[in-house]
Amino acid sequence: MTRQTRFAAEVFGPWAKGQSTAATIDIGTWLVVTLDGGRRLELPLASLKISRGGFDLLSVVLAGTATNGEALHVIVHDVSVLAALDQHGTHAMRAQAATVARSHSRGRIWRWVASPGAVLLFVALLAGAWLGLPLLVDVAVDRIPVSLEEELGAASVESIVAGQPVLEDGPVHAAVKTVFDRVVLGVGATPYTFHLTVVDTPTVNALAAPGGQVVVFTGLVFEVESAEELAGVLAHELRHVTARHGLRQLIRSGGVVLAIALCFGDVSGLAVLVKTLGDMSYSRDAEREADTGAVAILRRARVDPTRFREFFARMAKHGSSLPAILSTHPQGDERDASLRALTAGATSSDWDPITVDWAAVRALKAPR
Amino acid sequence: MRFEILYPGSYAMAKATLAQDEQFRAESGAMVAMTSTVDVEGKMEGGLWKALKRKAVGGESMFMQTLKATRGPGEVFIAPSTPGDLALLELNGANNYFLQKEGFLAAESGVTLETVSQGIFKGIMSGEGVFVQRVGGQGKLLVSSFGAIHKLALAPGENYVVDNGHLVAWSGTVTYEIKKASSGWLSSATSGEGFVCHLTGPGDVYFQTRNAASFGQWVASFIPAR
Ligand SMILES: [Zn+2]
């Protein structure tokens with residue numbers, strides 16, 4: 001199949017700031033730019049950086065340096081230029097083009113907003129806004145596909161990790177992964193694929209991000225006294241994920257307009273908020289639900305659910321130097337009592353031990 | 001034909017010089033004076049539904065005027081209804097501009113005009129409305145501002161934050177995003193939830209030195225409550 005290789009473009013070069021020059025581009029082994037007026041510039045295809053840009057990020061931006069040394073930004077409004085780059089480019093370029101093409105497909109979901117029916121519905125929703133944000137958030141959450149939630153989750157984990165060391169293998173990672181996999185068994189049917197990220201910092205914390213993401217800091221790994229204690233915390237975070245607590249909180253923090261926009265399928269506002277996910281705490285109701293869910297998950301995975309409460313009770317006795325996990329999960333008497341009630345009646349015949357020697361894991365803690 | 005901006009500043013006006021049979025389009029009601037060789041034709045661009053939609057969603061007038069020098073060469077003076085400046089933008093067939101809903105004043109006949117949605121979230125948070133106008137094609141375009149008009153020429157990757165309600169026009173190559181404002185950013189009513197417009201080059205951005213909504217509030221503060 002022969003693909004189109006010639007496209008109309010706007011070119012920004014060192015000759016004018018802010019004002020583009022109309023051009024035609026040809027894609028082959030080189031990117032050949034013919035400016036209006038006839039001047040011809042050539043760029044090696046392999047050196048191009050491809051990104052999105054322009055109104056609603058609907059255009060493709062090719063940035064590179066021409067053989068004469070001029071830095072060029074070539075903007076193509078026809079996205080089929082990506083297919084041409086995919087055909088002629090190097091392996092790395094094809095990967096770039098594919099990534100950009102994927103991100104493109106999202107932008108226009110909400111185009112139908114301009115239809116008359118949508119305008120009426122919009123007015124109706126504005127009225128609905130008076131009914132309250134929580135109701136609107138419920139509707140909005142339901143409209144978000146899992147695939148988008150996964151993208152959001154991955155992006156927010158990136159911003160949470162932000163340059164901190166991440167463990168991808170080694171005995172500590174392996175131990176956490178063993179516990180994690182065991183707990184996931186108890187989740188049951190779910191649309192999510194769960195991802196574990198182990199961050200190697202002394203923070204005593206774990207958190208959940210949308211789309212199946214759980215982040216554990218090694219500070220917590222070395223603080224817990226058994227695999228079961230960690231399992232409890234992980235189960236709690238997994239329940240936050242499956243109940244979409246993070247997503248709900250994210251939408252809530254965006255206010256009424258974001259929620260209304262989401263009800264219409266306009267997801268552009270979500271990306272704006274990803275960065276705020278890291279420092280988020282959930283409502284008391286969400287925490288209660290996560291605790292209840294965690295105990296259910298642990299029981300299904302045949303993991304001792306009582307140790308989890310003990311961990312929090314022990315942490316609460318730390319006094320002045322409370323770990324991070326307690327600032328988002330205060331262990332009041334009420335929580336302690338409800339966890340005790342949830343785990344009442346469990347006997348050792350209901351669970352099988354997680355076969356990780358936790359004392360050996362804690363011995364791996366590097367002196368700081 | 002030729003557009004010329006007269007009295008640049010707060011009370012700018014434009015003069016269009018037409019050869020016989022040349023024509024251009026202007027916002028309805030923009031005509032101030034003209035030679036008797038020119039005919040004015042009010043017409044609904046794109047039919048009734050599109051005109052209604054523009055009126056309902058864009059807040060602009062339902063009718064555009066076509067001014068044609070039917071009986072010999074002519075001159076037309078046009079001006080926007082609010083005090084403010086004018087800027088002349090050029091479309092070369094490859095580029096686009098986006099205009100906030102009240103930005104359009106007049107254009108040569110080769111310029112195309114289309115109402116597009118920028119999404120509810122962006123529309124409300126930016127204070128520019130859900131619908132903006134995309135202009136393309138070939139020819140010259142006059143945009144009007146409230147207050148003076150300032151042009152920023154952004155290099156690739158160059159970043160600017162513009163307060164809500166101040167954008168007049170921007171190149172289609174400019175990436176314009178709504179972002180959460182850093183704390184301490186105090187702004188007009190629409191950014192109450194803490195969002196501002198981030199613009200990234202390359203491209204030109206035209207913004208106005210006054211915000212119509214804020215001005216309205218200021219005027220209202222002098223009207224005694226009954
Ligand atoms: Zn929690």
Side-chain angles (χ1 to χ4, degrees), chain A residues 8-14 16-24 36 51-59 61 63 71-73 75 77 107 109-116 118-119 122 125 253-276, chain B residues 49-50 52-53 56-58 89-98 114-126 130-132 134 136 138 151-158 170-181 190 192-196 198 200-206:
Chain A
E10 290 183 60
V11 179
F12 290 85
K17 196 183 171 190
Q19 193 71 53
S20 67
T21 306
T24 309
D36 243 21
S51 60
R52 298 182 304 162
F55 185 75
D56 271 356
L57 300 173
L58 289 171
S59 309
V61 182
L72 301 183
H73 274 71
I75 297 179
H77 300 301
I109 294 175
W110 42 267
R111 282 290 119 170
W112 63 275
V113 160
S115 74
V119 173
F122 177 56
L125 267 169
S253 71
V256 172
V257 174
L258 176 79
I260 292 176
L262 287 170
C263 292
F264 281 97
D266 173 4
V267 298
S268 60
L270 275 182
V272 175
L273 293 164
V274 161
K275 287 218 161 58
T276 66
Chain B
W49 163 244
K50 278 198 171 166
L52 274 171
K53 186 174 102 180
V57 303
L89 277 52
E90 179 143 14
L91 292 145
N92 60 16
N95 63 340
N96 287 298
Y97 283 100
F98 288 85
E114 177 190 7
T115 301
V116 297
S117 155
Q118 55 170 343
I120 294 170
F121 181 75
K122 200 185 250 184
I124 296 178
M125 289 310 182
S126 66
V130 174
F131 297 89
V132 293
R134 171 165 55 201
Q138 208 139 19
K151 176 180 153 181
L152 282 173
L154 298 180
E158 195 178 346
W170 61 98
S171 305
T173 53
V174 166
T175 308
Y176 146 44
E177 292 168 293
I178 304 299
K179 290 192 178 166
K180 201 135 178 136
T190 42
E193 300 196 49
F195 299 93
V196 290
H198 275 241
T200 309
D204 286 336
V205 174
Y206 294 83

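By convention in this document, chain letters (A, B, ...) are assigned in the order of the sequence lines, proteins followed by strands, and residues within each chain are numbered from 1. Keep in mind it's a predicted model, so treat the numbers as computed, not measured. Basis for what follows: all heavy atoms, side chains included, without hydrogens, waters or symmetry-related copies.
Interatomic distance, B:L154 CG to A:K17 NZ, rounded to the nearest 0.5 Å: 7.0 Å.
The closest side-chain heavy-atom distance from B:P156 to A:V61 is not below 4.5 Å. Side-chain contact between A:H77 and B:N96: present, with at least one pair of heavy atoms (C-beta onward) separated by less than 4.5 Å.
The side chain to side chain donor-acceptor pair (under 3.5 Å) search around A:S20 returns A:E10, not counting sequence neighbours. Residues forming a side chain to side chain donor-acceptor pair (under 3.5 Å) with A:Q19 (at least two apart in sequence, or on another chain): none.
Across all non-hydrogen atoms, the minimal contact from A:I75 to B:P202 is CD1-CG, 3.7 Å. The two residues B:A153 and A:G18 make their nearest non-hydrogen contact at CB-CA, 3.9 Å.
The part of A:A9 that comes within reach of chain B is its backbone (N, CA, C, O), which places non-hydrogen atoms under 4.5 angstrom from that chain. Contacts of B:S171 with chain A are made by side-chain atoms alone, with heavy-atom separations under 4.5 Å and no backbone atom involved.
Formation of a donor-acceptor pair under 3.5 Å by the B:T175 side chain with backbone atoms of A:G54 is found in this model.
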